[in-house]
Amino acid sequence: MSGSPALVMRLVASAYTVAEKAGAIARKVLHSGELGIVEKTGANDLQTLADRLAQQSICASLYRKFPKLTIIGEEDLPAEEVQEDLIETGQSEEILQKSCPAEYSELKEEELVVWVDPLDGTKEFTEGLLDNVTVLIGIAHRGRAIAGVINQPFYNYQLGAGATLGRTMWGMPGLGAFGFQLKEVPDGRRIVATTRSHSNKLVTDCVNAMEPHEVIRVGGAGNKIIQLVEGKASAYVFASPGCKKWDTCAPEAVLVAVGGRLTDMHGNAYRYDADVKHMNSAGVLATLRNHEYYVSRVPQSVLQGLKSD
Ligand code: AMP
Ligand code: MG
Ligand code: MG
């Protein structure tokens, strides 16, 4: 590699460290015992102090280094000065050392859209299902997810004191995915991962239509993609609106980097341009392999109920 790293690599290197900081914030808030829970649209749509502080930290830190980015975060927060101790200036050296895929080497700050879910799996966070929680930072260019960082702040929490808490995974289609060991569910076995807290009849009808050998109900969009890439699930099936672009951008980039796909229930791609609708209205279907099989099993009732954009 010659010269200084490409802009997008510097951005991913920052996003990695910023996601680690956000994860540390989530751990600190949990430890304090004062979660500061607010209901947004209802009891199944929560925000905590961790969501608020993590988003402030992520957005302010990235804007300070990359002021021309478009950053879209989940939480609606009052515009106020962010405390200096929330600012993270570090960058992952490992990422700075990687060579940038040629197609991304000339990208400019103002062409990139960053989708931020400061805490995915908030409901599970408040219920103590801590490994369901992730911090998601996705980077999009021309509507496509081109890089994603997933921090899992409480990874290993069940091992107790002494274990290193938390990990960060990242990926870039065309470059690869890092921070975990890719594993697949044995061929022919269908393990479907779906929501645990946002289910309804259409959601369960669709899961059953996949003829799964096993169903796992876990929280978080980020966490369900982790289940896919670590060989615990073969498909993530969510036949409902409710999941948003900040839930899927980073996970999609990591999944695609290892050969997977994330689409709506019709098999159509989502776009991540700055002006798109936030809601993934036509549901989420994600797989590491055999995407077409799962698309082919989606019932008519779902296809009619959830129209592609
Ligand atoms: P889940 O699989 O239920 O954990 O949802 C994955 C992501 O989508 C989380 O960020 C949820 O908050 C969000 N989500 C899914 N369904 C809904 C809904 N009905 N209302 C609000 N958020 C939702
Ligand atoms: Mg989320
Ligand atoms: Mg969230």
Side-chain angles (χ1 to χ4, degrees), residues 19 22-23 25-26 29-30 35-59 71-77 114-138 148-154 192-204 206-207 215-228 232-233 235-252 254-255 262 264-265 270 272 277-286 302 305-306:
I25 291 170
V29 169
L30 186 84
L35 296 195
I37 299 170
V38 173
E39 288 187 10
K40 295 196 284 186
T41 58
N44 282 331
D45 193 12
L46 305 178
Q47 184 196 73
T48 70
L49 179 62
D51 301 63
R52 296 187 285 277
L53 292 178
Q55 179 163 311
Q56 284 186 325
S57 170
I58 294 167
C59 296
I71 307 181
I72 304 173
E74 172 173 5
E75 310 306 336
D76 227 346
L77 301 174
V114 181
W115 292 91
V116 175
D117 188 340
L119 198 84
D120 180 53
T122 300
K123 175 111 175 137
E124 287 71 24
F125 179 64
T126 65
E127 294 172 2
L129 294 166
L130 299 177
D131 48 0
N132 290 193
V133 174
T134 57
V135 175
L136 305 174
I137 305 180
V149 176
I150 302 177
N151 177 277
Q152 199 177 16
F154 302 99
V192 171
T194 194
T195 182
R196 62 174 283 281
S197 63
H198 298 102
S199 203
N200 59 40
K201 184 166 179 329
L202 214 54
V203 168
T204 45
C206 191
V207 166
V215 178
I216 54 173
R217 297 178 193 285
V218 290
N223 179 41
K224 281 190 267 297
I225 296 302
I226 295 175
Q227 306 304 307
L228 289 183
K232 308 225 175 67
Y236 167 11
V237 179
F238 185 55
S240 173
C243 209
K244 322 289 189 312
K245 295 293 179 303
W246 44 75
D247 290 306
T248 50
C249 185
E252 179 172 343
V254 172
L255 184 63
L262 186 150
D264 68 15
M265 303 313 295
Y270 279 114
Y272 297 95
K277 202 173 67 177
H278 294 166
M279 189 89 86
N280 291 327
S281 312
V284 175
L285 179 58
V302 169
L306 305 176

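Counting starts at 1 for both ligands and their atoms, in listed order. What's counted below: heavy atoms across the whole structure, side chains too, no hydrogens, waters or symmetry copies.
For ligand 1, the polar-atom distance check against Tyr236 finds no nitrogen or oxygen pair separated by under 3.5 Å. Backbone and side-chain nitrogen or oxygen atoms of Asn44 are examined, and none is located within less than 3.5 angstrom of a nitrogen or oxygen of ligand 1. By the 3.5 Å distance cut-off applied to N or O atoms, Glu124 is not counted among the residues near ligand 1.
Asn223 and Gln227 share a donor-acceptor pair across their side chains, judged by distance under 3.5 Å alone. With no hydrogens or angles considered, a side-chain donor-acceptor pair links Asn280 and Lys245 at under 3.5 Å. For the residue pair Tyr270 / Glu252, no side-chain donor-acceptor distance below 3.5 Å is found, with atom types taken as modelled.
Of all the atoms in ligand 1, the ones that sit under 4.0 Å from a non-hydrogen atom of Lys224 are 1 (P), 2 (O), 4 (O). Heavy-atom contacts of Gly220 reach the following atoms of ligand 1: 1 (P), 4 (O) (cutoff under 4.0 Å). Near Asp120, meaning under 4.0 Å from one of its heavy atoms, ligand 1 places the atoms 7 (C), 9 (C), 10 (O). Atoms of ligand 1 found under 4.0 Å from any heavy atom of Gly219, numbered from 1 in the order shown, are 4 (O). The ligand atoms of ligand 1 that sit less than 4.0 angstrom from a heavy atom of Phe238 are 15 (C), 16 (N).
The nearest heavy-atom contact from the protein to atom 1 (P) of ligand 1 is Thr195 OG1, 3.5 Å. With hydrogens left out, the protein atom closest to atom 6 (C) of ligand 1 is Ala221 N, 3.7 Å, a heavy atom. Closest protein heavy atom to atom 23 (C) of ligand 1: Gly242 O, 3.2 Å. Protein heavy atom at the shortest distance from atom 5 (O) of ligand 1 is His198 ND1, 3.8 Å.
The shortest side-chain heavy-atom distance between Glu124 and Leu130 does not fall under the 4.5 Å cut-off.
Taking the Mg ion (ligand 2) as reference, Asp120 places its N/O/S atom OD1 nearest. When distances from the Mg ion (ligand 2) to the N, O or S atoms of Asp117 are compared, OD2 comes out shortest. The atom name of the N/O/S atom in Asp247 closest to the Mg ion (ligand 2) is OD1.
With Thr122 as the fixed residue, the side-chain contact (heavy atoms from CB on, under 4.5 Å) test singles out one of Leu46, Asn44, Leu35, Asp45: Leu46.
Contact annotation: Lys244 has at least one heavy atom less than 4.0 Å from an atom of ligand 1. A heavy-atom separation below 4.0 Å is not found between Lys40 and ligand 1.
Heavy-atom minimum distance, Leu306 versus Ser240: CD1-N, 3.6 Å.
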